[in-house]
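Reading through the structure tokens given below for one structure.
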There are 2 protein chains.
Amino acid sequence: MFSIGQLSSKVGVKVPTIRYYESIGLIDPPHRSEGNQRRYEPEVLDRLTFIRHARDLGLSIDAIKDLLILNANPDMPCDEAHLIANQHLKDLARKITQLQQLSLELTRITQNCDSDTVGHCKVLEALGDHSTCKSDH
Amino acid sequence: MFSIGQLSSKVGVKVPTIRYYESIGLIDPPHRSEGNQRRYEPEVLDRLTFIRHARDLGLSIDAIKDLLILNANPDMPCDEAHLIANQHLKDLARKITQLQQLSLELTRITQNCDSDTVGHCKVLEALGDHSTCKSDH
DNA sequence: TGTAATTGCTCTAGTGACTAGAGGTTCAAG
DNA sequence: CTTGAACCTCTAGTCACTAGAGCAATTACA
Ligand SMILES: [Zn+2]
Ligand SMILES: [Zn+2]
Ligand SMILES: [Zn+2]
Ligand SMILES: [Zn+2]
């Protein structure tokens, strides 16, 4: 039996976050002490660890909800889990590509100014003007 | 004199977003028609175009506020503008690196399963267990 | 001039995934 | 038995919008 603070330090999820996860139905409400404090059984450790790691990998709460449902049914096919992971991988790739484009554009922009004052600053000019950009964004 | 809808289509910023920008003080409240509708002078075009492009490049509203203040003082040194842009560039680089790590990790994870059922799914196992990961996240 | 379609107005609430704070209660150690 | 840490609930704030309700003004066309 853990208090919420002990659970928190064991899995590395902050106390308010654990309560938040309970409030959105991601983890079950635990039993309470006589004084109404949360008391967790050891089983919650696995679930919360899973949630923590999946969040660290960037998966959304909704995706994690689905994965947890799957996890609870060992006889189901695991295609759907693969699908969710692959979808997230695609999302990541898209995001990375876009950020790289922005980075390139901004690198170009920031290397352009040989003025000292705002009036002729090429950086400010380029920030306000898409026409000199090489890519869409 | 533009209506908010005309301004919106000219600069590619949605009508509610323009009103939102006004509400947070990013653009000045324009004059109103007799019927209380917003009527914009042409000067707002530049400002809103600047905002739009800077947002597209990923800059925060706060950063844009600072840049707009600079923009209004042509005699000031432009170091601060460079600083803001460079800071954003750093943020971008950090974000990209992190997403690339996640992507690598997830690629590894998703290529690991030769099971058909959830019970022995390596993907689900790896999602819940950081100990097999090659990087921090 | 009549009327209908479009555009505009304000206000509130919702998004995602938490985080911060107020104001109070319970627990564990000494 | 006292003290201080940890816990409780509830509300509101974060960021940059977006959606919707319910109504008013404008514009286009007949
Ligand atoms: Zn400059
Ligand atoms: Zn551009
Ligand atoms: Zn599998
Ligand atoms: Zn990991």
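Quick note: numbers below take in every heavy atom, side chains included, and nothing from hydrogens, waters or symmetry partners. A quick note: this is a predicted structure, and the numbers were derived from the prediction, not measured. All chains are named by letter (A, B, ...) in the order of the sequence lines, taking the proteins before the strands, and each is independently numbered beginning at 1.
Looking at which nucleotide of DNA chain D each of A:Gly5 and B:Tyr21 is closest to, the 5′-most match is held by A:Gly5.
A salt bridge links A:Asp56 to A:Arg52: one of the charged nitrogens lies within less than 4.0 Å of a carboxylate oxygen. In summary, B:Arg19 and B:Glu22 do not engage in a salt bridge, as defined by a charged side-chain N under 4.0 Å from a carboxylate O.
Checked by atom type, the side-chain pair A:Glu105/A:Ser135 shows a donor-acceptor distance below 3.5 Å. No side-chain donor-acceptor contact under 3.5 Å links B:Asp62 and B:Ser60.
In this structure, A:Arg55 atom CZ and C:dT19 atom C1' are separated by 14 Å, rounded to whole Å. Atom pair B:Tyr40:OH and C:dT7:C1' shows a separation of 14 Å (rounding to whole Å applied). Distance, B:Ile4 CD1 to D:dT27 C1': 18 Å, rounded to whole Å. Atom CG in A:Asp62 sits roughly 11 Å away from atom P in C:dT15 (whole-Å rounding). Residue B:Glu22 contributes atom CD, which lies 12 Å from atom P of C:dC11 at whole-angstrom precision. Between the P atom of D:dA5 and the CD atom of A:Gln6 lies a distance of 17 Å, rounded to the nearest Å. In this structure, B:Leu7 places its CG atom 15 Å from P of C:dT7, rounding to the nearest Å. When rounded to the nearest whole Å, the span between CD1 of A:Ile27 and C1' of C:dA17 equals 14 Å.
Taken to the nearest 0.5 Å, the CG atom of A:Leu106 stands 6.5 Å off from the CG atom of A:Leu127.
Listed nucleotides: C:dA17, D:dC8, C:dC9. Nearest to the side chain of B:Arg32: C:dC9.
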Using nucleotides 18-23 of chain D, report all nitrogen or oxygen pairs with the protein that are shorter than 3.5 Å.
{"from": "D:dT18", "atom 1": "OP2", "to": "B:Thr17", "atom 2": "OG1", "distance (Å)": "3.0"}

Just the table, please: protein N/O against nucleotides 27-30 of chain C N/O, every pair under 3.5 Å.
{"from": "C:dC27", "atom 1": "OP1", "to": "A:Ser33", "atom 2": "OG", "distance (Å)": "2.9"}
{"from": "C:dC27", "atom 1": "OP1", "to": "A:Gly35", "atom 2": "N", "distance (Å)": "3.0"}

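Counting any heavy atom pair closer than 4.0 Å across all strands shown, B:Ile24 reaches no nucleic acid atom. Looking at heavy-atom distances under 4.0 Å, B:Arg38 makes contact with sugar-phosphate atoms alone, never a base.
Judged purely by atom type and a 3.5 angstrom limit, B:Thr107 uses its side chain to pair as donor or acceptor with the backbone of B:Ser103. Side-chain atoms of A:His88 never come within 3.5 Å of backbone atoms of A:Ala63 as a donor-acceptor pair (strictly under, hydrogens ignored). No donor-acceptor pair closer than 3.5 Å links the side chain of A:Ser8 to the backbone N or O of A:Ile4.
Applying the 6.0 Å contact sphere to CD of A:Glu125 captures more than 12 heavy atoms from other residues, nucleotides or ligands.
Residue B:Arg19 has no polar side-chain atom (N or O) positioned under 4.0 Å from OP1 or OP2 of C:dT10. For B:Ser3, no side-chain nitrogen or oxygen approaches OP1 or OP2 of C:dT7 to under 4.0 Å.
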